[in-house]
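Read through the structure below, which is laid out as structure tokens, and then see the notes.
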Amino acid sequence: AAMEPVTIIASACFVALLAPKLERERRRKQFPATIADLLASSHIVDDASLMVVAINIRHATLAPALAGKHLKARVKYGRCGDSVRCDSGVVEVPTSSRPAGARFVGRKPGGEPAPLPVDFNTTCLFLVHSRLKPQIRLRLVKAGPLGQIVAKADIPVASILENLQMDVLLDGVGAYSGSHSLVSIALQTFCTQKADLKDCLRTLGARQQMDGFSMGLSGLDMGSITGDNSDDDHDDGGAQLSTA
């Protein structure tokens with residue numbers, strides 16, 4: 001018996017919705033977009049050249065409205081809807097002290113609450129992939145299962161080969177709308193090979209975190225990534241991965 005027109009339309013819609021997902025999964029397996037997938041892939045040889053971007057999340061001064069909160073910084077690399085992400089460890093924002101004289105009725109506080117300093121001290125590593133556009137999106141997220149976003153900023157990057165150090169202004173969202181926080185970050189891209197990357201991650205004690213790998217800044221910072229012009233095989237504008 002012939003299929004009903006409604007059934008045909010429904011089937012066509014289902015295929016149309018499913019096809020992009022299947023295509024993304026096929027591309028993910030063929031061209032790994034994460035470090036973990038690349039290291040696990042038997043199709044990528046150990047001496048394959050690749051590029052990794054290191055995003056250092058350093059110190060921050062957070063809005064007074066975030067006092068006492070347990071937060072983590074979330075880095076997203078890529079455009080909205082097609083990105084990879086990695087979280088820092090959880091930090092406890094110090095509680096702001098009340099201005100002197102605030103306890104006296106009718107007396108104005110001595111001034112506005114000061115921004116609150118915290119150190120995230122985390123490096124997030126991502127695989128540079130042609131599918132992922134060079135855009136960094138930074139979020140401050142409450143610790144816990146819900147992961148509520150309290151502040152965010154989008155950072156366009158002209159070239160992934162451009163080394164950057166900057167202070168990023170994050171705008172509060174939701175209940176924290178109107179507040180502002182400042183986070184210091186640094187970005188550097190370096191060249192390596194699959195086998196060397198695997199050894200370096202192990203040496204530095206990096207651990208898989210969501211779609212990337214993370215470690216403390218003491219393990220890998222801007223000073224420990226050094227260029228090496230003596231090796232012509234890597235002389236392509238990137239830095240070499242080093243634990244020195």
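When a residue number appears, it is its place in the shown sequence, counting from 1.
When atom types are taken as modelled, the side chain of K194 and the backbone of I44 share a donor-acceptor pair closer than 3.5 angstrom. The closest donor-acceptor contact from the side chain of Q209 to the backbone of C86 lies at 3.5 Å or more, if one exists at all. Not a single donor-acceptor pair under 3.5 Å links the side chain of S88 to the backbone N or O of K72. Distance alone, capped at 3.5 Å, places no donor-acceptor pair between the R207 side chain and the S214 backbone.
L169 and L138 are not part of a single hydrophobic cluster, where members link through side-chain heavy atoms under 4.5 Å apart. Under the 4.5 Å side-chain heavy-atom criterion for grouping Ile, Leu, Val, Met, Phe, Trp and Tyr, L71 is not connected to L182 through any hydrophobic cluster. Cluster membership check: M210 does not share its hydrophobic cluster with I149, using side-chain heavy-atom separations under 4.5 Å among Ile, Leu, Val, Met, Phe, Trp and Tyr. Linking Ile, Leu, Val, Met, Phe, Trp and Tyr residues whenever their side-chain heavy atoms come within less than 4.5 Å leaves L170 and V90 in two separate clusters.
Distance check: Q135 CD to I155 CD1 gives 9.0 Å after rounding to the nearest 0.5 Å. Interatomic distance, N56 CG to F120 CZ, rounded to the nearest 0.5 Å: 14.0 Å. For the atom pair Y77 OH and C124 SG, the distance stands at 13.5 Å (nearest 0.5 Å). Between the CD atom in E92 and the CG atom in L116 there is a gap of 11.5 Å [rounded to 0.5 Å]. Taking CD1 of I55 as the start and OG1 of T189 as the end, the distance is 8.5 Å to the nearest 0.5 Å. In this structure, Q208 CD and L39 CG are separated by 9.0 Å, a value rounded to the nearest 0.5 Å.
A heavy-atom distance below 4.5 Å is not found between the side chains of D46 and Q193. When side chains are defined from C-beta on, V141 does not count as touching D87, because their heavy atoms never get closer than 4.5 Å. Residues R139 and R85 form no side-chain contact, since every pair of their non-hydrogen atoms from C-beta on lies 4.5 Å or further apart. Side-chain atoms of L50 and V128, non-hydrogen and from C-beta on, never get closer than 4.5 Å to each other. Looking only at side-chain heavy atoms (C-beta outward), L125 and F190 come within less than 4.5 Å of each other. Looking only at side-chain heavy atoms (C-beta outward), V53 and L187 come within less than 4.5 Å of each other. Contact annotation: the side chain of V75 approaches that of F126 to within less than 4.5 Å [non-hydrogen atoms, C-beta and beyond].
Nearest heavy-atom pair across L127 and P32 is CD2-O, 3.4 Å. Nearest approach of S179 to A63, heavy atoms of both residues: CB-CB, 3.7 Å. Of all the heavy atoms in T122 and G89, the pair that sits closest is OG1-N, 3.9 Å. Taking every heavy atom of both residues into account, S181 and L66 meet most closely at OG-CD1, 3.8 Å. When all heavy atoms are compared, the tightest approach of V52 to I35 is CG1-CD1, 4.3 Å. Considering all non-hydrogen atoms of both residues, V84 and A33 come closest at CG1-O, 4.2 Å.
Atom NZ of K69 sits in a crowded spot, with more than 12 heavy atoms from other residues, nucleotides or ligands closer than 6.0 Å.
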